[in-house]
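First up is the structure itself, then whatever we jot down about it.
Only heavy atoms go into these numbers, but all of them, side chains included; no hydrogens, no water, no symmetry mates.
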Amino acid sequence: MIATAEANGRNQRQALVAAGLVAWAAGLLGWLSPALWVLLGLIPFTYWWVRRRYLRRMTVMQQPFPAKWEQILRTHVAFFEALDDAGKARFRQLVQIFLDEVRITGIRTEVDDTIRVLVAASAAIPIFGFHDWEYHRLHEVLIYPNAFDDAYQSRGGSDENILGMVGLHHLSGVMILSKPALLAGFDHQSAKQNVGVHEFAHLVEKEAGEYGLPPEVPWMVVRQWMRYVARELARPPKHRAHFSAYAYTNEHEFFAVLAEYFFTSPELLKRRDPVLYAMLRDMFHQDTGSLLPLVPRRRRGIGRNAPCPCGSGKKYKHCCLAGSGTRAVG
């Protein structure tokens, strides 16, 4: 997502090749019909068209990072706080570019800077270890006031138990997140659930399947992961690892739920299954088990016995905090 020197150079070469092909085609057509020499005017346009996104990103990256955004990251995002100065600078650039390119829209609820920055942080965390990454699929994030149902409705019904979803069919390219669940995921650092990270982990998996894995991810680790997941999902419930029951819905939810553990409670994951932690470390190209313990855990927001902010009607400790009663869907 960041316009690195390497990515920028690659884009420049792509623009030159595209402009060269247009020049060749214009020359050929102009030889056949002199009136078509006017097509040579498309050469600079073609070069600009291929370069436009990278040029804009470089401009965005040079803009000052808003002080309010900085305060939001420092207050809510433990991952950001744990980074060194160079890492924080890169994280800020990821947030800036994401917010410049992806719309965040409130549906019957207000979207303020806190929500926008936390959505961008959710996107940056899973891909922070990748040198060059694009969320090709995503164009807009819809923020709902509460949990919603399979028909994307949020009206306070008893069947509204979804906290997040990557849209399908007519909502392709759209992600939906419950506003209170997004806030709760960042305001409770001891929790094992973060709906923003969960949904962006789904996108990482889908992007990797369509556009290929980043070069940092060894294929042997992917094969090891696939064998591990198949074996784990085939286990009888009483012999499964002690993770959220929703992880065992299918291989996609297993990946997303374990990504939540990896980025919110890596020490717990490491204790329960060191081999699994090592696989996720190599897949995401990050060592959160060494990073996050550097940040003192702070408890903020809703208490364990308070009503869950997702709107389920249950206590927080029996719902989002425990990873049960509500769900996020890929």
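- At least one side-chain heavy atom of R227 sits under 4.5 Å from a side-chain heavy atom of Q224.
- For T109, the side chain to side chain donor-acceptor pair (under 3.5 Å) criterion is met by K179, not counting sequence neighbours.
- Connection of F45 to I43 is not established within any shared hydrophobic cluster, with ILVMFWY side chains joined at heavy-atom distances below 4.5 Å, either directly or through further cluster members.
- Counting non-hydrogen atoms of other residues, nucleotides and ligands closer than 6.0 Å to CE of M226 gives a total of 12 or fewer.
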Residue pair E81, K88: steps toward the side-chain contact (heavy atoms from CB on, under 4.5 Å) verdict = CA-CA 8 Å; E81 277 287 86; K88 284 185 172 69; 4.1 Å; yes
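- Taking the charged nitrogens against the carboxylate oxygens, R271 and E267 have no contact shorter than 4.0 Å, which rules out a salt bridge.
- Residues passing the salt bridge (charged side-chain N to carboxylate O under 4.0 Å, His left out) test with D287: none are found, sequence neighbours excluded.
- The line from CZ of F200 to NZ of K206 is 12.5 Å long, rounded to the nearest 0.5 Å.
- Salt-bridge formation is detected for the pair E134/R53: a Lys NZ or Arg NE/NH1/NH2 atom is positioned less than 4.0 Å from an Asp or Glu carboxylate oxygen.
- Atom CZ of R57 is separated from atom CZ of R52 by 10.5 Å, given to the nearest 0.5 angstrom.
- Taking the six-membered ring for Trp and thresholds of 30 and 60 degrees, F79 and F128 have ring planes more than 60 degrees apart, a perpendicular arrangement.
- At a threshold of 4.0 Å, the pair R56-E101 does not count as salt-bridged, since none of the basic side-chain nitrogens sits closer than that to a carboxylate oxygen.
- The side-chain heavy atoms of L177 and Y144, taken from C-beta on, include no pair separated by under 4.5 Å.
- Closest of all the heavy-atom pairs between F186 and A121 is CZ-CB, 4.4 Å.
- P266 approaches T264 most closely through the heavy-atom pair CD-C, 3.4 Å.
- Side-chain contacts under 4.5 Å among hydrophobic residues (ILVMFWY), followed directly or transitively, place Y47 together with L16.
- You'll find the side chain of L142 stays beyond 4.5 Å of the side chain of M175, heavy atoms only.
- The minimum heavy-atom distance linking P218 with D282 is given by the pair CD-O, 3.9 Å.
- With a 4.5 Å cut-off on side-chain heavy atoms, I125 and V77 count as touching.
- With values rounded to the nearest 0.5 angstrom, L203 atom CG is found 11.0 Å from I127 atom CD1.
- In terms of heavy atoms, P126 sits closest to V204 at CB-CG2, 4.1 Å.
- Note on L21 and V50: separate hydrophobic clusters, where clusters join Ile, Leu, Val, Met, Phe, Trp and Tyr whose side-chain heavy atoms are under 4.5 Å apart, directly or indirectly.
- At a threshold of 4.5 Å between non-hydrogen side-chain atoms, the residues W69 and L99 count as touching.
- Residues passing the ring pair (Phe, Tyr, Trp, His ring centres under 6.0 Å) test with F263 are F284, sequence neighbours excluded.
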message: Go through it in stages, so that I can follow the logic: the residues are F98 and V60, the test is side-chain contact (heavy atoms from CB on, under 4.5 Å), and I'd like the CA-CA distance, side-chain angles, deciding distance and then a yes or no.
response: CA-CA 10 Å; F98 183 90; V60 170; over 6 Å; no
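- Of the inter-residue distances, the one linking R92 atom CZ with I97 atom CD1 reads 14.0 Å to the nearest 0.5 angstrom.
- For E260 (side chain) and N194 (main-chain N/O), a donor-acceptor pair under 3.5 Å exists by modelled atom type.
- In this structure, the side chains of Q93 and F65 stay at 4.5 Å or more apart for every pair of heavy atoms.
- Note that the CG atom of L163 and the NE2 atom of H198 stand 9.0 Å from one another [nearest 0.5 Å].
- Taking the six-membered ring for Trp and thresholds of 30 and 60 degrees, F254 and Y228 have ring planes inclined between 30 and 60 degrees apart.
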Y248/L233 under side-chain contact (heavy atoms from CB on, under 4.5 Å): CA gap, chis, key distance, verdict: CA-CA 6 Å; Y248 294 89; L233 293 182; 3.8 Å; yes
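- Atoms CD1 and CD1, from I104 and I143 in turn, are 6.5 Å apart once rounded to the nearest 0.5 Å.
- Side-chain N/O atoms of H252 and E205 include a donor and acceptor closer than 3.5 Å.
- P145 and P180 get closest at one heavy-atom pair: O-CD, 3.2 Å.
- Crowding of D85 atom CG: a count of heavy atoms from other residues, nucleotides or ligands under 6.0 Å not exceeding 12.
- Between the side chains of S122 and E199, not a single donor N or O lies within less than 3.5 Å of an accepting N or O.
- Of the possible polar contacts, none joining the S33 side chain to the L29 backbone as a donor-acceptor pair under 3.5 Å is found.
- Residues Y261 and L280 fail the side-chain proximity criterion, which asks for heavy atoms closer than 4.5 Å.
- Minimum heavy-atom separation, H131 to E6: NE2-OE1, 3.0 Å.
- Using a distance-only test at 3.5 Å, with no hydrogens or angles considered, no donor-acceptor pair links the side chain of Y54 to the main chain of R10.
- Looking at T75 and Q71, their side chains do bring a donor and an acceptor atom within 3.5 Å of each other.
- Residues passing the salt bridge (charged side-chain N to carboxylate O under 4.0 Å, His left out) test with D112, sequence neighbours excluded: none.
- Transitive grouping of hydrophobic side chains (ILVMFWY, heavy atoms separated by less than 4.5 Å) keeps W24 and W49 in distinct clusters.
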- R103 vs V141, side-chain contact (heavy atoms from CB on, under 4.5 Å): CA-CA, chis, key distance, verdict: CA-CA 6 Å; R103 294 189 304 273; V141 177; over 6 Å; no
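- Side-chain contact check for M165 versus F148: some heavy-atom pair is nearer than 4.5 Å.
- Geometrically, R51 does not engage W48 in a cation-pi contact defined by less than 6.0 Å to the ring centre and at most 45° from the axis.
- Residues forming a ring pair (Phe, Tyr, Trp, His ring centres under 6.0 Å) with F130 (at least two apart in sequence, or on another chain): W133.
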